[in-house]
Amino acid sequence: MKKLILSLLAVVCSLSASAEDGHRLWLRYDTLQHAKVATNRHSATADIAARELRTFSKSDYIKLSINRSLPDDEGFTLAADAKGRITISARRDVGLLYGAYKLLELEHKGATSNSLQLPATATHEAPFFNLRLLNHWDNLDGSIERGYAGESIFEWFHLDRQLIEEYARANASIGINGSVLNNVNASPKILTAPYLNDIKTIADILRPYGIRVYLSINFASPMALGDTPTADPLDQSVAAWWKQKADEIYRLIPDFGGFLVKANSEGQPGPGDYHRTHAEGANMLADALQPHGGIVMWRCFVYATNHVGEDRVMQPVSEFKPLDGKFRPNVILQTKNGPLDFQPREPYSPIFDQITQTPNMVELQITQEYLGQSRHLVYLGPLWQEFFSFVNPKVLRGIAGVANIGKDRNWCGHHFSQANWYAFGRLAWNPRETSKAIAEDWLALTFTSPLAPASSAFFPTMTRLMEHSREACVNYMMPLGLHHIFEFDHHYGPCPGGQRPDVPTVWCPAHYDKADAQGIGFDRTTATGTGATAQYRDSLARLYDDVQTCPEELLLWFHHLPWTYRMRNGQTLWQNLQAKYNQGVGEVDQMLHTWQLMKPNVDEQRWREVNERLLHQLDNAREWRNACLDYYGQFANQ
């Protein structure tokens, strides 16, 4: 009878493993109802921490303790005594919640282990950044700009409270503490009463999980809504409108975080429409929010008509460096990690070198707009680790990630795109973590099962695959510093040399690859090019400026070179380009082969869905290679 029961249990486990759809993300905990949890604190947040532990923890006894002597930093301590009794201590309630999720992570990373190696005297763990935000580019009609996983989870006037709470739980488990709910190309309607009432509901759901809400705003909202004749930030009626609007928001949502602003970029209105500076526009909004403790996150993604002839990658520094130090204390400049637009590889934005008197935060893109979207397996941890190898996190006040979340059952479109949401949260907590360690943890939390026990070769194999996937993407899309050669608008397929009379030049691939009979690449040197190299700190400016020292992975970003230019391996530039494109296709082919070998270790649904995506990725990699080599070959082979 005992053997029969064990057999039936094994069948049940096997059946449950074969039906996974990815909705549980990295929180695939079994309901145990085992742990005894004691606490000296009761609040909505502390009660969630206790409930999570009672439901899912493998430990016998856990104490949650508010300790006012600990640092006031959202952190926690985690310790175990000689009898295995665990204590989670924190100064804030949210620290107890973060500590609870940390304990569950430690318990469940290795399903075969029932013991925890916790020190009797615990060290304090706290987030590096105070601001750890997701930026949702969600529109009021439910669509998502650069969204590849279905419609928005924020369905206005028909909110799915359970789905939003599941979203909150996932974010809290990786330490994300803020959500900008709507697109940076914002509709003024988001600030009207019907939407603000729903935003209050969302804020009430997110608040117990330590998450504050923020809004993207249209700078011309008071004029667009018909309440003022202008949006001039120095007009008293405009300033009064924003102060009244801030008061209205904070009456509904006392812990509202503030505004994210895209102004005078890609046709969005801004202070420049009235010959005012970014500082004057941002400061007007900051004054409205300041009495309530709110902040303005002012995006530095600008390229506009008043920079005729200037290299697009130089315009943010040109716009903002003269204004450094002129912003209110509650204004933070939010800048993309690279100077162009979330490319598979680009150098870091030099604005992080140039802006020293105004707080900065970095904007990363979790949704893979230029990296195969949710059709390609591309783990972004190495890309972001590369950024932090150049930019010291200490110069940043916060970190924002453009979300890849939608109503698809698995949240992100591609099962492995979940790893990028997870990795963003981990790096927001600790930007010095390695992408490899994060990948290892995500795989263990997401795929450990009877099919793939913790000791399985599945995990080191897939860690290597994930770690190399971004470099493979660079190789089959834009090796050696090529950039922005995508199809117009959707940014998915290849369009080398593309140009259209109805599209601004700075959106055209031909503007960036500059391929002709003489060579290829964008000259940004100080001697003969745009001078963009001079915006970097001196050591890197000299490195990038000299073709002999410029890293070859960025060579065509900074230099226009003949097809016969000799690379460090002795072969020509054209030979190296061909080799890189072929290498990228071969790497995706190997990724597919590896995944197919992993079939015995993965539940049927997720294996099949990832396999289908990889088959498509291989076809698309071949398309990239063929389109680029055919186009460039007509010049190189002359």
Within a 6.0 Å radius of atom [atom1] on [X], are there more than 12 heavy atoms belonging to other residues, nucleotides or ligands?
X    : atom1 : answer
K102 : NZ    : yes
Q33  : CD    : yes
R146 : CZ    : yes
R68  : CZ    : no

- side chain to side chain contact (heavy atoms under 4.5 Å, CB included) between L191 and I217: does it pass, once the steps are laid out? CA-CA 8 Å; L191 294 176; I217 58 103; 4.0 Å; yes
Using side-chain heavy atoms (C-beta onward) and a distance below 4.5 Å, is [X] in contact with [Y]?
X    : Y    : value
F129 : P431 : yes
M297 : L133 : yes
L53  : I88  : yes
I332 : I295 : yes
P316 : T335 : no
K245 : I249 : yes
K109 : L445 : yes

Do [X] and [Y] sit within salt-bridge range, that is, some charged N less than 4.0 Å from a carboxylate O?
X    : Y    : result
D287 : R328 : yes
R132 : E74  : yes
R85  : D60  : no
E363 : K336 : no
E386 : R470 : yes
E165 : R169 : no
R251 : E248 : no
K200 : D204 : yes
D441 : R426 : yes
R537 : D353 : yes
K407 : E155 : yes

Any donor-acceptor N/O pair, [X] side chain to [Y] backbone, under 3.5 Å:
X    : Y    : value
Q268 : S265 : no
N139 : G142 : no
H108 : F56  : yes
T55  : R51  : yes
T39  : R41  : yes
S179 : V213 : no
R299 : L260 : no
N330 : G294 : yes
E107 : K58  : yes
Q385 : S435 : yes

- Item | L252 and I199: CA distance, side-chain angles, deciding distance, side chain to side chain contact (heavy atoms under 4.5 Å, CB included) verdict | CA-CA 9 Å; L252 290 168; I199 292 163; over 6 Å; no
Rounded distance (nearest 0.5 Å) linking atom [atom1] of [X] with atom [atom2] of [Y]:
X    : Y    : atom1 : atom2 : value
I202 : I164 : CD1   : CD1   : 4.5 Å
N337 : I351 : CG    : CD1   : 13.0 Å
L427 : W384 : CG    : CH2   : 7.0 Å
N197 : L159 : CG    : CG    : 11.0 Å
L103 : E52  : CG    : CD    : 11.5 Å
N404 : F424 : CG    : CZ    : 11.0 Å

Shortest non-hydrogen contact between [X] and [Y], atoms and distance:
X    : Y    : answer
L333 : F327 : CD2-CZ, 3.9 Å
W241 : S221 : CH2-CB, 4.1 Å
G258 : L289 : CA-CD1, 4.2 Å
R91  : P71  : CB-O, 3.7 Å

Check the angle between the aromatic planes of [X] and [Y] and answer parallel, tilted or perpendicular using the 30° and 60° thresholds.
X    : Y    : value
Y250 : H292 : parallel
W298 : F219 : perpendicular
W156 : Y195 : perpendicular
H23  : W411 : parallel

- Message: By the definition ring pair (Phe, Tyr, Trp, His ring centres under 6.0 Å), identify the one residue from Y422, W421, W442 that meets it with F416.
- Response: W442
- After noting the C-alpha distance and the side-chain angles of S65 and N67, does the key distance pass the side chain to side chain donor-acceptor pair (under 3.5 Å) rule? CA-CA 6 Å; S65 176; N67 184 343; 5.9 Å; no
- Task: Output, in order, the C-alpha distance, side-chain angles, deciding distance and verdict of side chain to side chain contact (heavy atoms under 4.5 Å, CB included) for I176 and Y167.
- Result: CA-CA 11 Å; I176 291 171; Y167 160 84; over 6 Å; no
- Item | Passing candidate, side-chain hydrogen bond (donor to acceptor under 3.5 Å, both in side chains) with K262, options N183, N185, N218 | N185
- Using the benzene-type ring in the case of Trp, are the ring centres of F387 and F352 under 6.0 Å apart? yes
- Query: D324 and T358: side chain to side chain donor-acceptor pair (under 3.5 Å), yes or no, with the steps?
  - Reply: CA-CA 6 Å; D324 194 16; T358 306; 2.8 Å; yes
- Geometric cation-pi criterion, K36 with Y61: 6.0 Å, 45°: no
- Going through the distances and angles, do E319 and N264 end up as a side chain to side chain donor-acceptor pair (under 3.5 Å)? CA-CA 11 Å; E319 286 271 329; N264 292 125; over 6 Å; no
- Task: Begin with the C-alpha distance, continue with both residues' side-chain angles, and end with the deciding distance and a verdict on side chain to side chain donor-acceptor pair (under 3.5 Å) for S374 and Q368.
- Result: CA-CA 7 Å; S374 286; Q368 299 162 222; 5.5 Å; no
